[in-house]
Amino acid sequence: MEKFLEKLKSKEMAARLRIQSSALKAIHDHMHLFGVIQLVPVLLSPITDPLCHSVFEADIAYYGQQLALTKSMIMHKQISLVSPYTDKIYIVSPNIRLEKAELASTGRHLIDFSQVDVEFKGKGRGEFMGFTEEIMKHTIKRVLEECGAELELLRRELKTPKGPFKKYDSREMLERFGEGYEQALSFESSEPFWITNIKREFYDREDPGCPGKYLNYDLVYPEGFGEALSGGERDWEYGVLMRKMEERGQSPGSFAPYLELAKRGELKPSAGGGLGVERLVRYLTGTRDIGDVGLFTKKPGEKVVL
Ligand code: ASN
C-alpha cells in the first residue's frame, strides 16, 4: 500500500496522466476527422482472440455458458464491419491477458491494459499503415504543444517523427539479428518503424499468391521502447480460416459464431491494428517500467493491489 500511495501522489504520475489525456484526445480528434466510428468495448463473449502465445485463460461460467474476458476485440471488429453502412471503426478496448510471470521484466507487459483497436473495411495494409503514421505524428505533435511542462518535469526529450517510417521484413531481420531482432532494431532507431510479414494468428492474411508470406505488420517505437501496434490485413473466407485454424491446432468450436458468419459470406476484407495505450504513454513519457505509467497497472505474476 505504501508503494502504491507514493506512486498515486507523485508529481510524475500526475504529469504522465496529463500526457495520456492529451494523447487520447488527439487520437479521438483524428478518428473523428476521418469519420472513424467509435464503438464501446466488449468485455465478455464466447469468443476472443486466441493469441499466438500462451497465457492463463480468463473464463467465466455463466448459466451453463463459458464466456471469456476479452484478450482483443479482433473478431468483434471484423464482425462489426458486416454492416453495409459501417466501414471504419475504433474502440478504446480493455484487454485481459494473464501473461506468465517471466514477462514481468520486459518493462512493457501488463495483464490488464487498453488498446486503441481500429479496423477499416475494404482497405489494404498500405492505407492502414499510412493512417497510423499520421495519427502517431499528430499525437506526438499535440503532446509537444500541450504538455511542455510535464515533459520537462519528466526530463523527456520527444520529437515529432518525420516519416515515412522505414519498413523491415521480419525474416530478413531474423537472419540479421536473431530472435531479438525487434528490440535490437528498436535500440538502434531514432524514428518509429514497421516490421512486416510476421507469422501470426489465423486471422492475419496470408498472401494468396505467396503462401507463408503474411500481409501484416507491427509498428515499433525507437530508443528500445519496442512494439507500439500490431495488425494486418485479414483473412475472411471460411475455407481459408478453417485451414489456418487447423494448421495452428485450434478448435473451430471455440470460434463458432464467427465461423458461421464467415460461412455465410458475411465477413469482408479489412485491415487494422491495435495501438497499446499504456505503451504509447510509456514512450511519450520516456518511462522504462510500464508499471509506472498508470495508477492501477498490473504486471505479470505480481500481486494485484487495486
Ligand atoms: N488488435 C490486434 C489487431 O488488430 C490484435 C491483437 O491485439 N492481438 O490485429
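Whatever order the structure lists ligands and atoms in, that order sets their numbers, starting from 1. Owing to the predicted nature of the structure, the values given are computational and were not obtained by experimental measurement.
The atoms of ligand 1 that sit less than 4.0 Å from any heavy atom of Asp117 are 1 (N), 4 (O). The Tyr203 neighbourhood of ligand 1 comprises atoms 5 (C), 8 (N), with distances under 4.0 Å to a heavy atom of that residue. Applying the 4.0 Å criterion to heavy atoms of Gly231 picks out, from ligand 1, the atoms 9 (O).
From the protein, the heavy atom lying nearest to atom 2 (C) of ligand 1 is Ser230 O, 3.6 Å.
Centroid-to-centroid, the aromatic rings of His30 and Phe131 come within less than 6.0 Å.
Distances shorter than 4.0 angstrom occur between a heavy atom of Arg97 and an atom of ligand 1. Look at Arg234 and you'll find a heavy atom under 4.0 Å from some atom of ligand 1.
The residue Met73 has no part lying near ligand 1, judged by heavy-atom distances below 4.0 Å. By the criterion of a heavy-atom distance under 4.0 Å, the side chain of Lys77, and not its backbone, is placed next to ligand 1.
Side-chain atoms of Arg16 never come within 3.5 Å of backbone atoms of Lys11 as a donor-acceptor pair (strictly under, hydrogens ignored). Arg282 places a side-chain N or O within donor-acceptor distance of the main-chain N or O of Arg288, the cut-off being under 3.5 Å.
Ring-plane geometry between His28 and Tyr90 is classed as tilted, the angle between the planes lying from 30 to 60 degrees on a 0 to 90 degree scale.
The N/O atoms of Asp49, backbone and side chain alike, include one that comes under 3.5 Å of an N/O atom in ligand 1. Among the atoms of Gln115, some N or O lies under 3.5 angstrom from an N or O of ligand 1.
At least one cation-pi condition fails for Arg108 and Tyr221: the charged atom is not both under 6.0 angstrom from the six-membered ring centre and inside a 45 degree cone around its axis. Cation-pi contact between Arg264 and Tyr238: absent, since separation from the ring centre below 6.0 Å together with deviation from the ring axis within 45° is not met.
Enclosure of atom NZ in Lys71 by more than 12 non-hydrogen atoms of other residues, nucleotides or ligands within 6.0 angstrom is indicated.
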